[in-house]
Amino acid sequence: MSAPRRPLTAHPATALAGRVQVPGDKSISHRALMFAALAIGQTRIEGLLEGEDVLRTAAAMRALGARIESAGGAWRVQGVGIGGLAEPEDVLDMGNSGTAARLLTGILATHPIFSVMTGDASLRRRPMRRVTEPLSACGAIFHTRAGGRLPMSIEGARDPLPIDHRLQVASAQVKSALLLAGLNARGTTRIEEPAATRDHTENMLAHFGADITVEAAGAGRMITLAGQPELRAADIVVPGDPSSAAFLQVAAILIPDSRVTVQGIGLNPLRTGLMLTLREMGAALSVTNERIEGGEPVGDSVAGFSTLSCVDVPAERAPSMIDEYPILAVACAHACGTSRLRGLAELRVKESDRLEATAALLAANGVSVTIEGDDLLVHGTGEAPEGGGMVSTHMDHRLAMSALVLGSSARRPVQVDDTAFIDTSFPGFVALMNSLGCKLA
Ligand code: S3P
């Protein structure tokens, strides 16, 4: 992203209050645009996240021939059908978005076209081999920079073979890339995941009429997809992003006298690990008005100031809260005792090395932290952290928002070097937090 840096200071706040909504779910928004572009007919998408990451997906799908327009609050996508994408005239720039890059690589792998993909400095550091290696089995040819990094060229397979693969990492992005490739392969694609990860791709493929089955397989799942279905346009309502709501929930829990309701957030059980963990810590966090909207469970969360105890989070829970560890670590900094967050190797390959950067964020603000192998240990005192530090966000939106919540709940202000990347997932975050009573300036 070429936007100028946006430094910001979070001053200690008291008594957050309000009933608010957060922008649409990022994972579901990317998928809605991509799948609608591969369907026959016109799909209407309500509640799409209009953040930088998703706008990159919209631009890429347009460059590949889909008609996508924003029409008075909702979005309309005219799909081209499976196998119908056209060769893009220029490089596809996926900005800061790993999800956009990985999922689109899957789609392009089984279209007989040539494309080149790049991203910003953060995305160009992230591993692509986790998708290019298994995708090569369908006949696609990839050339990447050293270490399997972007930019890369993609020569899609002319006569794509279906893939039968067991995932090496618990990654919804890799699973989705392989399933998307399978859409245009003749025959049956089979993907086994050793641990269940977010299943928005599976849910949405079924919503568009694909022949997909999901079965339990040990601790994970076996997913089977029949190739070359006709996807039919189907309207989508995108729920509020639970990963965005997390910052508001934790702020309300940490700041004395607060009570904040977030309406209409997604409650897919493969996304709610943070809410479970916060409750284990003793947080007053409840859900009301539970309902099903657009095939996904949705509800309103109510969070209030709470005294927290420390927690031991098992590695198996990581896939259901993979993006929430930085803000959970901020909550642990307020808790009494040592919290151990286990099995965080995947955090090292997010928008930044989130394991190191989360530890640095806390350490700069007077919190004692240790990294032991892939575990993060946060030694809380049961009191608000000292604060007063300067945080480097390394082009990572979730670190920036976590640092602002820390500053709002610490004893002294916290400075953040750059908050511009918050726009990738949560446009309007600063104004929304200030409307609740934060002092972000
Ligand atoms: C996502 C999956 C997760 C998550 C990312 C969004 C998705 O990545 O961190 O923000 O939409 O599939 P991995 O599946 O690689 O862990």
Side-chain angles (χ1 to χ4, degrees), residues 23-35 48-49 51-54 56-57 94-107 119 122-123 125-135 148 167-180 191 193-205 220-221 223 238-239 241-247 266 268 270-274 296 315-328 343-355 357-358 374 395-399 401-402 421-422 424-426:
D25 187 275
K26 183 151 72 72
S27 293
I28 295 177
S29 295
H30 283 300
R31 288 162 172 80
L33 289 172
M34 289 182 186
F35 298 7
L48 188 85
L49 168 63
E52 298 280 344
D53 277 13
V54 175
R56 293 287 179 168
T57 289
M94 307 322 292
N96 193 250
S97 178
T99 307
R102 284 4 177 308
L103 269 58
L104 188 57
T105 300
I107 293 176
S122 156
L123 185 55
R125 282 192 289 268
R126 299 179 65 185
M128 293 299 287
R129 208 172 271 152
R130 53 180 53 204
V131 285
T132 57
E133 241 169 46
L135 282 171
L167 296 187
Q168 304 299 304
V169 279
S171 166
Q173 292 181 357
V174 178
K175 169 178 65 176
S176 301
L178 299 176
L179 289 171
L180 284 165
I191 311 297
E193 52 176 0
T197 63
R198 65 188 71 190
D199 56 2
H200 307 303
T201 294
E202 296 88 312
N203 296 344
M204 206 181 289
L205 281 175
R221 292 176 170 187
I223 302 139
V238 181
D241 197 326
S243 298
S244 295
F247 300 102
N268 181 313
L270 292 168
R271 298 288 298 280
T272 49
L274 175 74
E296 293 272 348
E316 301 75 63
R317 199 178 293 169
S320 69
M321 53 182 295
I322 192 65
D323 293 331
E324 279 67 82
Y325 284 98
I327 191 62
L328 172 62
L344 305 186
E346 275 295 297
L347 290 199
R348 294 191 184 277
V349 291
K350 294 297 178 189
E351 286 82 332
S352 66
D353 177 341
R354 268 191 196 154
L355 186 49
T358 299
D374 294 333
M395 306 177 78
D396 188 331
H397 54 133
R398 299 202 200 276
L399 287 176
M401 290 184 276
S402 299
F421 284 86
I422 291 174
T424 61
S425 68
F426 200 154

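For reference, positions follow the sequence shown, starting with 1. Whatever order the structure lists ligands and atoms in, that order sets their numbers, starting from 1. Bear in mind the structure is a predicted one, so any value in this text is a computation, not a measurement.
- Side-chain contact of K175 with T197: a donor-acceptor pair under 3.5 Å is present, judged by distance alone.
- Scanning for side-chain hydrogen bond (donor to acceptor under 3.5 Å, both in side chains) contacts around R398 gives an empty result, with sequence neighbours left out.
- Listed by chain and number, S27, R31, T99, S171, A172, Q173, R198, I322, D323, K350 each place a non-hydrogen atom less than 4.0 angstrom from ligand 1.
- A distance-only check finds a donor-acceptor pair linking the side chain of S29 to the backbone of L49 [under 3.5 Å].
- Using modelled atom types, one side-chain atom of R126 and one backbone atom of V349 make a donor-acceptor pair closer than 3.5 Å.
- Applying the 6.0 Å contact sphere to CZ of R348 captures more than 12 heavy atoms from other residues, nucleotides or ligands.
- Here the side chain of T424 pairs a donor or acceptor atom with the backbone of F421 at under 3.5 angstrom.
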